[in-house]
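See structure below.
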Amino acid sequence: MAEILLEFKDLRIEATSYPPGEPPRHVVLVDGVSVAVEKGKVLGLIGESGAGKSTIGLSAMAFGRGGVRLTGGQILLNGREIRTADAAGLRALRGREVTYVSQSAAASFNPARRIMEQVIETSISHGLMNKSDAEARAVDLFRQLGLPKPESFGTRYPHQVSGGQLQRAMTAMALCPKPDLVIFDEPTTALDVTTQIEVLAAIKLAIVQTGVAALYITHDLAVVAQVADHILVLRGGKKVEYGTTDQIINDPREDYTRALVSVRSIEHAEKSEARALLSVASVTARYRGTDFDVLKNVTVDLAPGQTLAIVGESGSGKSTLARVITGLLPAAQGRITFAGRVLSPDLLGRSKEDLRELQMIYQMADTAMNPRQTVGTIIGRPLEFYFGLKGEAKRQRIQELLDQIEMGKGYIDRYPAELSGGQKQRVCIARALAAKPKLIICDEVTSALDPLVADGILKLLLNLQAEAQVAYLFITHDIATVRAIADRIAVMFKGQVVRYGQKSDVLAPPYDDYTDLLLSSVPEMKLGWLEGVIAGRKMESAGN
Amino acid sequence: MHPVLKLVVQRLALGLVLLLAVSAVIFLGIEALPGDTAQAILGQAATEVSLANLREKLGLNEPALTRYFVWLWAALHGDLGVALTNGVDIATAIGQRFGNTLFLAGCAAVISVPLAITLGLVAARYNGRWPDKVISGLTLTTISLPEFVAAYFVIFLLTQVFPIFQPVAMVFPGMSFWAKLNAVALPVIVLVMVVLAHMMRMTRAAILNVMQSAYIETAELKGLTPMQVIWRHAFPNAIAPIVSVVILNLAYLVVGVVVVEVVFGYNALGQYLVDHVTKRDLPVVQAVGMIFAAVYIGLNILADVISIGANPRLRHPK
Amino acid sequence: MKMPFSAMLGIFLTSSFVFLAVFAQFLAPYSITEASGGVWEGPSATHWLGTDTIGRDIFSRLIYGGQITIFVALASSVLAFSVGSFFGFMAAVRGGWADQIMSRIVDLMMAIPSLIVALVILSVLPLNLTVLILVIGLLDSTRVFRLSRAVAMDIAVMDYVEAAKLRGERQTWVIFREILPNALSPLVAEFGLRFIFAVLFISTLSFLGLGIQPPLADWGGMVKENKDGLVYGKSAALMPAFAIAALAISVNLVADWILSRTTSLKGGRGG
């Protein structure tokens, strides 16, 4: 058996939060977790939000964010107990034995200092290297991580480089002092999918080449499967399952793990082409005061009761398309036809019937509901506004809608703050359904949710479509979601539709370059996928 | 042009426009309000004939806009006209008094700025613990006091309960520097009290804001000592907000000085202004009002320029 | 939820002040002008807080002075609020040139310290209650304008406001049902702060001799009347000074509490 680097024994972490104007609230974040990391191995920590994975990650440096306290158990690093170490002892290990890569490198770099100064800071202040050695090592790491112009990269300020580059620079910063262990805390989550794979590949390569051990924290099992040797599945601060990556992915023992592995495996048979309910014809749009078209000549159709998925990365113009269809941003050119009528480009020019038949659901359910209104008021308003329902009839219909979104009784008088993330999104769906629309625009409706909750929402949307024959314009950056729900797909890139057609055609070769890149960048839940993709891309570039 | 330079030039230009607009408001705004300078001078008992004569003499029959430009042109050449009440040249009268005001405000600034920053640092360092609570509690009290109330509490305490100082602050030309300092001790204490609270609270907030940034956590996770964290990572980012806090409060000090001068009978610009408001001597009020506004606007622009200059995103564009 | 001690103290003191002010005529032992004792007498059974520079009962004058101070402060902060929040919301919801014009005017007004503006204006206008209330209220409305505009802008970009617009709701519904309920609590707390500002402002003006004119007197005026006594160790000027401080601090305590509550209210706008 290999030598053990880090071991948690019966770890317990607690926190006290101080909500303003309320008595302090005491919570247990991590309860009785034991796990070990061997030298040079990578342990993946996986779980949904609130699972305690980041908290455990930081505890490997005996660090608690805010009011977080490491209250019980042992944390053994290189055989020493560090949970109870004094300040000097902690400083000696932080940045030297253990280093940290955060989710948002953009916020984690000091905006006032050059990247190089920050990357080599630890190596120098801990007396590990002299300045020129540290700089040479930093440049090597920049090169290894595939950063452009590695010799001069460090002279730039953090705001002068892109998010993906900054994430790699932070990895260099973590590796520079030659630590025993690096904590990666969701390092690719905030990135676009095509950038994510580059950073992921760079991180993986760096781990392999330096032989460093790592804790890799993420909510995405497919990502962690590419880098980890072992995986610890967490839920609500407790250990669910621990095993080798192979065992967790291919032979999960616990129900919860099985659910995580099989997430996004919704099967949805594509519906055949039909006459269009919505057609967007040659639409071009730009924001006021700019001289740049965010949408260029976009043409798409959507049939009644079907789903058109608009796929693209940030900046592709997919959300702008939604704003143009709803009339919030009037199109500069082109025409939108809906249910046989030509829609006025501007919201103010549309009839109440137009508005009723075209509803919208947002990414952040939190901000999509007025926090001062109850669920009943939120769902009831469209009933009152469009159909003039009042009193008991309205209440009855609200309850029907709540039943439809599988929430049942007892929610009608609650405020949004009293609901979970998934429930909030369900209420937003009910509000849209209340108008009896023909089309619902869904703007990244599952992106802010944990995978299992997102799955539930997708299933609900599919059921509702079958019942109510409503069409969806589904905007997303996530290919897995598209597979699960779309009949037709439009791939957008820099304001243009680069690929468009029935799902079976769009997701089958031959691909255009961008769609190929996009599809091949989506992590798959199998071992060795990353190596396969990287090898494939290298061959291509060698072939060119 | 470098973006920093461009922004600074823009900001200065905006300041000039603002100053011009303020001068127009002060001059024309007064004209637009009901009331008449001639009437104000001669009182309700004045006859029509004497009113008409005075209006003629003061040039009040010209259109307001013409008089504004005449006034502005003269003011730009250092000619602020003569006081209606005693015929003294306003620029000369202001000259001496402005020096006295600056001396008082300067003394208060020299004491309050380092004190406020130190206390702000201490409060931020011990955020939520007893030193912070004591400092914050005390400053909350002084924030609730108008300057003159604070002044009389201080006077009563330091001249009656503990008779250390004289309750009036007279300075006159020819006094030695130390004698002057001694004379202004009480008003300076009051001004420091009043301005310290705001400055300290804003400094504390600025430092806490920086200390809560993710890059401070990064620095802590690098195993740096608290001093290294503050010196290398917090300080370069906190300097700009602190400097602008300090300058904004100096602008506030310029106003606080008006009331304090009246309380202590200190012969300076604020006292002069209040006297002539009571006498309804408009040319003096306009001139002194303009000077206070100009100092205030100038300090605000300075604060903006410093924070523009300290912003790394602007200093090192992409 | 339990009310903290500081808030209870603040509410108790504030309501005591208001009670004394409202029933001044019935509570004051002497009239406001009556010289009922010697000059600057100390506290006694007949004059609880002593007498002033011409032998009037300080306690009675404090009660009447409180009436004037609180009335002027309340009237001008109500004015500041109505004007400031109306135009602030308008600017936020309308946007465009209406917002530009209003915001630039406010920028201009705020480019000069309020006290200086007030002094300049009061050098021309007659000194009476209406003028004082108008001047203080309008000068203060600039701050309310900025706050309510900022708060409304924050809320106006929320998805639920967009959802209401997409539903086809009228602008009045959007303002009164979607924006206002969420803007109310920060504005209520701000009202307390504006009230304090108005108390300090009117007191300062009166102290400078440019506020309430004799024989009426608010607290600031009373400090002015009695300030010379301090040199002889007569503390008469400190009583109204203390009253100003006490009122300001107690309203501050209440406002602080409301402000801390707004973030924790059920369905509040988050922490």
Side-chain angles (χ1 to χ4, degrees), chain A residues 18 57-58 60-67 85 87-115 117-128 155-162 170 173-174 176-177 179 182-183 185, chain B residues 2-4 7 124-130 132-133 136 140 205-245 305-318:
Chain A
Y18 298 90
L58 283 169
M61 305 173 94
F63 185 84
R65 219 173 241 161
L90 290 178
R91 280 203 295 277
L93 81 91
R94 289 176 186 166
R96 181 180 188 157
E97 284 170 276
V98 190
T99 57
Y100 180 72
V101 179
S102 76
Q103 174 172 352
S104 169
S108 299
F109 271 99
N110 186 338
R113 307 195 82 99
R114 293 178 196 277
I115 291 173
E117 287 178 69
Q118 304 188 51
V119 168
I120 63 171
E121 183 174 17
T122 340
S123 311
I124 292 174
S125 69
H126 284 288
L128 303 171
T155 62
R156 299 208 242 169
Y157 280 86
H159 67 270
Q160 293 173 318
V161 307
S162 75
M170 191 159 191
M173 184 158 88
C176 190
V182 182
I183 300 161
D185 193 351
Chain B
H2 195 275
V4 170
L7 272 170
R125 169 75 180 77
Y126 295 99
N127 179 22
R129 289 194 266 162
W130 71 264
D132 180 31
K133 285 184 176 156
S136 298
L140 184 70
I207 296 171
L208 280 184
N209 192 22
V210 171
M211 291 305 285
Q212 277 156 5
S213 312
Y215 55 79
I216 297 297
E217 185 182 289
T218 308
E220 284 170 14
L221 290 178
K222 280 178 171 176
L224 303 180
T225 64
M227 273 318 287
Q228 286 172 324
V229 173
I230 289 175
W231 189 245
R232 288 193 207 154
H233 293 280
F235 186 71
N237 293 291
I239 190 88
I242 291 177
V243 167
S244 49
V245 162
V305 168
I306 289 177
S307 55
I308 290 170
N311 186 338
R313 284 167 190 278
L314 296 173
R315 268 214 325 266
H316 310 282
K318 284 194 180 186

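What you see is a predicted model; the values in this text were computed from it and never measured. Each chain gets a letter, A, B and so on, in the order the sequences are listed, and its residues count up from 1.
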At a 4.5 Å cut-off on heavy atoms, which part of [X] comes close to chain B: side chain, backbone, both, or neither?
| X | answer |
| --- | --- |
| A:F109 | backbone |
| A:L93 | neither |
| A:S108 | both |
| A:R65 | side chain |

Point to revise | Full working for side-chain contact (heavy atoms from CB on, under 4.5 Å) between A:S125 and B:Q228 | key: CA-CA 9 Å; A:S125 69; B:Q228 286 172 324; 4.2 Å; yes
Practice item. Heavy atoms only, distances under 4.5 angstrom: which of A:E117, A:R94, A:H159 has the most pairs with chain B? Name it, please. Key: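 Most heavy-atom pairs within the cutoff with chain B belong to A:H159.
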**Study point:** Most contacts with chain B, counted as non-hydrogen pairs under 4.5 angstrom, among A:H126, A:Q160, A:R113, A:E121
**Key:** A:E121
Practice item. Given side-chain contact (heavy atoms from CB on, under 4.5 Å), test B:T218 with A:Q118 step by step and report yes or no. Key: CA-CA 10 Å; B:T218 308; A:Q118 304 188 51; over 6 Å; no
Exercise for review: Decide yes or no for A:P111 and B:N237: does some side-chain heavy atom of the first lie under 4.5 Å from some side-chain heavy atom of the second?
Suggested key: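 When only atoms from C-beta onward are counted, B:N237 and A:P111 do touch, with a gap below 4.5 Å.
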Point to revise | chain A contact via B:E220 - side chain, backbone, both or neither, heavy atoms under 4.5 Å | key: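 Interface part for B:E220: both.
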Check your understanding: Any idea which heavy atoms bring A:A107 and B:A214 closest together, and the distance?
Key ->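 Closest approach of A:A107 to B:A214: O-CB, 3.4 Å.
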Exercise for review: Could you pull out the closest heavy-atom pair between A:T122 and B:K222, with the gap in Å?
Suggested key: CG2-O, 3.4 Å
